[in-house]
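In what follows, residues are counted from 1 in the order of the sequence shown.
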Amino acid sequence: METSEKDIFLEENTLLKNIYKIKSVISYSDLSIVYLVDNQKNNKVQVMKEYYPKLLAIRDLDQ
């Protein structure tokens, strides 16, 4: 089964470290994915960059 680029993005509303809630994907490249996130501690919208070299990394889709 082949995965598309959109399959590697973290889902909207995913909570990271119980602080950052993903709102959307801003951009992506062969090396990273940039997300718009809500900081749940200070109620600010921030940008988060995930290092994700797509030729080397595999997202575990089984949760």
Side-chain angles (χ1 to χ4, degrees):
M1 181 168 117
E2 190 174 318
T3 59
S4 72
E5 288 192 334
K6 305 234 181 305
D7 290 336
I8 64 169
F9 300 158
L10 294 174
E11 290 185 26
E12 187 176 318
N13 295 321
T14 298
L15 191 59
L16 304 170
K17 299 277 193 176
N18 286 326
I19 300 172
Y20 305 102
K21 190 173 191 178
I22 295 180
K23 293 179 62 137
S24 63
V25 174
I26 296 174
S27 68
Y28 59 94
S29 70
D30 289 341
L31 294 177
S32 65
I33 305 169
V34 181
Y35 299 96
L36 188 65
V37 300
D38 278 325
N39 184 319
Q40 303 293 296
K41 282 193 172 183
N42 63 18
N43 293 323
K44 292 187 178 183
V45 176
Q46 297 177 308
V47 174
M48 178 178 288
K49 187 174 198 176
E50 176 186 27
Y51 175 63
Y52 191 89
K54 73 178 187 180
L55 293 178
L56 302 175
I58 298 174
R59 176 97 57 214
D60 183 7
L61 300 175
D62 296 329
Q63 298 197 19

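- Taking a 6.0 Å sphere around CG of N18, one finds it holds 12 or fewer heavy atoms contributed by other residues, nucleotides or ligands.
- Note that NZ of K21 and CG of D38 are 7.5 Å apart. Values are rounded to the nearest 0.5 Å.
- Side-chain heavy atoms closer than 4.5 Å link hydrophobic residues (I, L, V, M, F, W, Y) into clusters, and following such links, even through other members, never connects F9 to L15.
- Connectivity analysis of hydrophobic side chains (ILVMFWY, heavy atoms under 4.5 Å, direct or indirect) links I26 to V34, L36, V45, V47.
- Pairs of residues two or more places apart, or lying in two chains, that qualify as side chain to side chain donor-acceptor pair (under 3.5 Å) and include a residue from residues 43-53 are Y35-E50, N39-Q46, E50-R59.
- Hydrophobic cluster membership is shared by L10 and I19, with clusters built from Ile, Leu, Val, Met, Phe, Trp and Tyr side chains linked at under 4.5 angstrom.
- When hydrophobic residues (I, L, V, M, F, W, Y) are linked wherever their side-chain heavy atoms come within less than 4.5 Å, L56 remains an isolated member.
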